[in-house]
Amino acid sequence: MKSKFFVTTPIYYVNDAPHIGHAYTTILADVLARFHRVAGDEVFFLTGLDEHGQKVKQAAEKRNMSAQAHCDDLAPRFLNLWQKLDIRYDDFVRTTQERHKRIVQMVLQKVYEAGDIYVDEYEGWYSVAEERFITETEYATGQFRDVKKIQEKNYFFKMSKYQKKLVEYIETNPGFIQPEHRKNEMLGFLRQPLGDLCISRPKARMDWGIEIPFDRDYVTYVWFDALVNYISIPGYGSDDVKFKKWWPADVHLIGKDILTTHCVYWTTMLFALDLPLPKTIFAHGWWLIGQTKMSKSLGNVVNPLDLIEQHGTDAVRYYLMREMVLGMDANFTQDSFNKCYNSDLANDFGNLLNRVSGLITKNHEGKIPDPGVLTPAEEEIKAQANALQGKVTALINAFQVQEAVSLIIEFVRVLNKYMELQAPWKLAKTDMKAAERVLYTAAESLRIVSVMLSPVMPEKTKTVLDVLGSLGTTASWGQIPVGTILKSHPALFPRIEVEKK
RNA sequence: CGCGGGGUGGAGCAGCCCGGUAGCUCACUAGGCUCAUAACCUAGGGGUCGCAGGUUCAAAUCCUGCCCCCGCAACCA
C-alpha cells in the first residue's frame, strides 16, 4: 500500500566535525527512506544542523571566529560527508536560517500566550569554567572547578503540567518509544515528579541563540530551538497544506543519549501546541570500539571518510546496517568489517555476479538467455524471490534493518547453492536449454536481490542492474530483458586480503 | 532495596514473551567442485546456555536469590 513516510535524524550540533555516530544515524535514515521509496511510498527525509547554544559559541571563540562564521565553516563538512555517503535527504535545515527562527519565535509566543511559559528565579550550581549551570549529580562528582550557587531570572516551560498525560500516552501507544527497553526507561524516569524546563538564557551570559519574542534580553534554550525543526521545516506556521501532509513524523531516529529530550521535552512541547506526537521515536545504540564508547578523548574514533576511501561508500553502509542490531550497541573493529565485507559482499554477492555473467558470456554469447519452461528447482527459486520484498518490507516496518539485510544475503547463499547443484557449466555441454534456464533464473534472482539491496548500496546495485540491462524498479519475477547483451564489469567487491597470522 | 538492559561453542549474535532434540555467520578440520574474486558446495569438531536453588515428566526458556558488565538518574546537543 502506498503511503507517506516522514523520517528525521537529530540535527547535529556543530561544535565539531562529523563522526561515525552522525554518519550512522544519517545512513540509517537514508536506508529507511530508500526502502520506502522502493515500496512506492512518498518520502520526506529531513536532517540538518543545530547551530545555536553555548558549546557552539565556545567552539567559535576558540577558533577566533564569529559563531555564524564557525557554523558556515562546519556546515559544508557535514554536507560533503552526506554527499560522499550517498545520503538523499529531502531537506537540510540549519537552525540559523530565517525560516526556522521565525517559527521558533512563533512557537514561543504561542506557548507563552497559552500560559505555559512563566517567569521565575532559577537557582542552581553554576560552573564559571564551563560557563553553564551544572546538575546536582554533576556537582556531586566534584569534578567542576569554580562552582557557585547563583540565582537568575528565567523563563520556564510548564513541562510538569503534561507529565500525567505523557505517561498515559506512552502506556497506551506501545510502539511510540522503541525499542521497548527504552520505553521502560522513560516510564521509569517519569515515575518521579517532572520539573519545569528552563527555556531561556540571558543574553548577558549567552547571546548565541534565537531571541525570545516577549523579552529581548533573552535567547531561548538550544533544545527548545532545535526540536522545533521537526515541525518548522515541514511547514508548521508557514504552509498548512504541506504540514498537514507530513506531520506527524513516522519516525524520529535518535541516539540513545538524547532519549529524554525527545521523549519528554519534545512531546510536552507538542502537547502545549496541541499537535499530534510523532508515531515513533526510535533510539539506536552506540558504536563501541572494543568495549568502550567511541570518543574523541580516547582517540579511538573511526573516521568514516577513511573507510570510504579504502572500501567504498556502499561497503561502509552495508557494514553499518548489517552489523548493528537496531537498539543495541555494536562493536566496530577493522577485523569485523573485513570479515563482513569478504564473506557477504565479495564471496557471496560479488562472486555470484561473476559466476553468472562469466558463464553467460562464455557459453551463451553474452546474452540473457530464454528461460523456457521452469522445472520445480526454478519454481522454488522463483517463489523465494517473489516472497523477498514482502518479507523485507515487514522487517523494515518493524525497524529490523539488520534482519532484513540478513534475509536478502541469505537468499544470495541459496542462489550460490542452486548454481552448484545445477552446474550450468556442465549443462552447457549436454543440455543447452537447461543451462539457459538455470542462468536466466540466477540472473533474474540477482536482479531482484539488487533491487532489494539498493536502499543499502545504491551505487553497487546500480552497477549490477546496469550489467544486467535492467532498471531496478520492480522486485517481482520476470522483468529481466531476455536477449540483452551483458556489459563487462570489474569485480564488484574485490576481496580484502588479510595477512594470516 | 532508585529504574532498566545484558551475561548462549574461539569471535559476534539469534532463540527466552507462547517450556519439549541448542540455531546462524565468521574462524577451524576433511571432502567435493573447478563457472567464479584461493571463491562456491557438502560433511565434521567444538557449548556446564553467568552462578545457586525452586516449579515441572521436561527449563537457555517460568520463579527466587546472588555475581559480573552496561545504560538511565533531566534542564549538558
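Just so we're on the same page: letters track the sequence lines, and every chain starts at 1. Values reported hereafter were calculated over all heavy atoms of this structure, with side chains retained and with hydrogens, waters and symmetry mates removed.
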In whole angstroms, how far is the [atom2] atom of [N] from the [atom1] atom of [X]?
X	N	atom1	atom2	value
A:Asn354	B:A38	CG	P	10 Å
A:Gln400	B:C24	CD	P	20 Å
A:Ile409	B:U25	CD1	C1'	11 Å
A:Leu415	B:C41	CG	C1'	14 Å
A:Leu352	B:U37	CG	P	13 Å
A:Asp344	B:C13	CG	P	16 Å

For nucleotides [N] and [M], find the distance between their [atom1] atoms and express it as a whole number of Å.
N	M	atom1	result
B:G12	B:G7	C1'	14 Å
B:C62	B:C24	P	23 Å
B:A60	B:G20	P	10 Å
B:U37	B:U25	P	24 Å
B:C51	B:G46	C1'	23 Å
B:C13	B:U8	C1'	9 Å
B:G10	B:C76	C1'	42 Å
B:G4	B:A73	C1'	11 Å

From C-beta outward on [X], which listed nucleotide comes closest to its side chain: [options]?
X	options	value
A:Arg495	B:U37, B:C35, B:C76	B:U37
A:Ser343	B:C40, B:C26, B:U34	B:C26
A:Lys362	B:C35, B:A74, B:C76	B:C35
A:Asp348	B:U37, B:C35, B:C40	B:C40
A:Glu420	B:C35, B:A74, B:U37	B:C35
A:Lys426	B:C35, B:C33, B:C41	B:C33
A:Tyr221	B:U37, B:C35, B:C76	B:C76
A:Tyr265	B:U37, B:C35, B:A74	B:A74

Are [X] and [N] close enough that a side-chain N or O sits under 4.0 Å from OP1 or OP2?
X	N	value
A:Asn347	B:U37	no
A:Lys183	B:G4	no
A:Arg201	B:C76	yes

What contact category does [X] fall into here, base, sugar-phosphate, or nothing, at under 4.0 angstrom with non-hydrogen atoms?
X	value
A:Gly350	base
A:Leu492	base
A:Ala226	nothing
A:Pro490	nothing
A:Met186	nothing

* May I ask which nucleotide in the shown strands pairs with B:G44, Watson-Crick or G-U wobble, both distances under 3.5 Å? => B:C28
* Applying a 3.5 Å limit to both distances, which nucleotide forms a Watson-Crick or G-U wobble pair with B:G2? -> B:C72
* Want to settle it: does A:Leu187 or A:Leu421 sit nearer the 5' end of RNA chain B, counting the closest nucleotide to each? -> A:Leu187
* To do: Identify, between A:Val56 and A:Leu359, the residue whose nearest nucleotide on RNA chain B lies closer to the 5' end.
  => A:Leu359
* Structure fact -> Rounding to 0.5 Å, atoms CG (A:Leu345) and OH (A:Tyr319) come to a distance of 12.0 Å
* Structure fact -> In this structure, CD1 of A:Ile117 is separated from CZ of A:Phe156 (nearest 0.5 Å) by 11.5 Å
* Is it true that atom NZ of A:Lys391 has more than 12 heavy atoms of other residues, nucleotides or ligands lying nearer than 6.0 Å? -> no
* Is the centre of the A:His311 ring less than 6.0 Å from the centre of the A:Phe337 ring? -> yes
* To do: State whether the side chain of A:Thr8 and the backbone N or O of A:Leu46 hold a donor-acceptor pair below 3.5 Å, judged by distance alone.
  => no
* Report yes or no: is the cationic atom of A:Lys55 (NZ for Lys, CZ for Arg) under 6.0 Å from the centre of the six-membered ring of A:Tyr13, at an angle within 45° of the ring normal? => no
* Check the pair A:Asp314, A:Lys462 against salt bridge (Lys or Arg N to Asp or Glu O under 4.0 Å), reporting the backbone distance first and the verdict last. => CA-CA 11 Å; A:Asp314 281 1; A:Lys462 193 163 174 294; over 6 Å; no
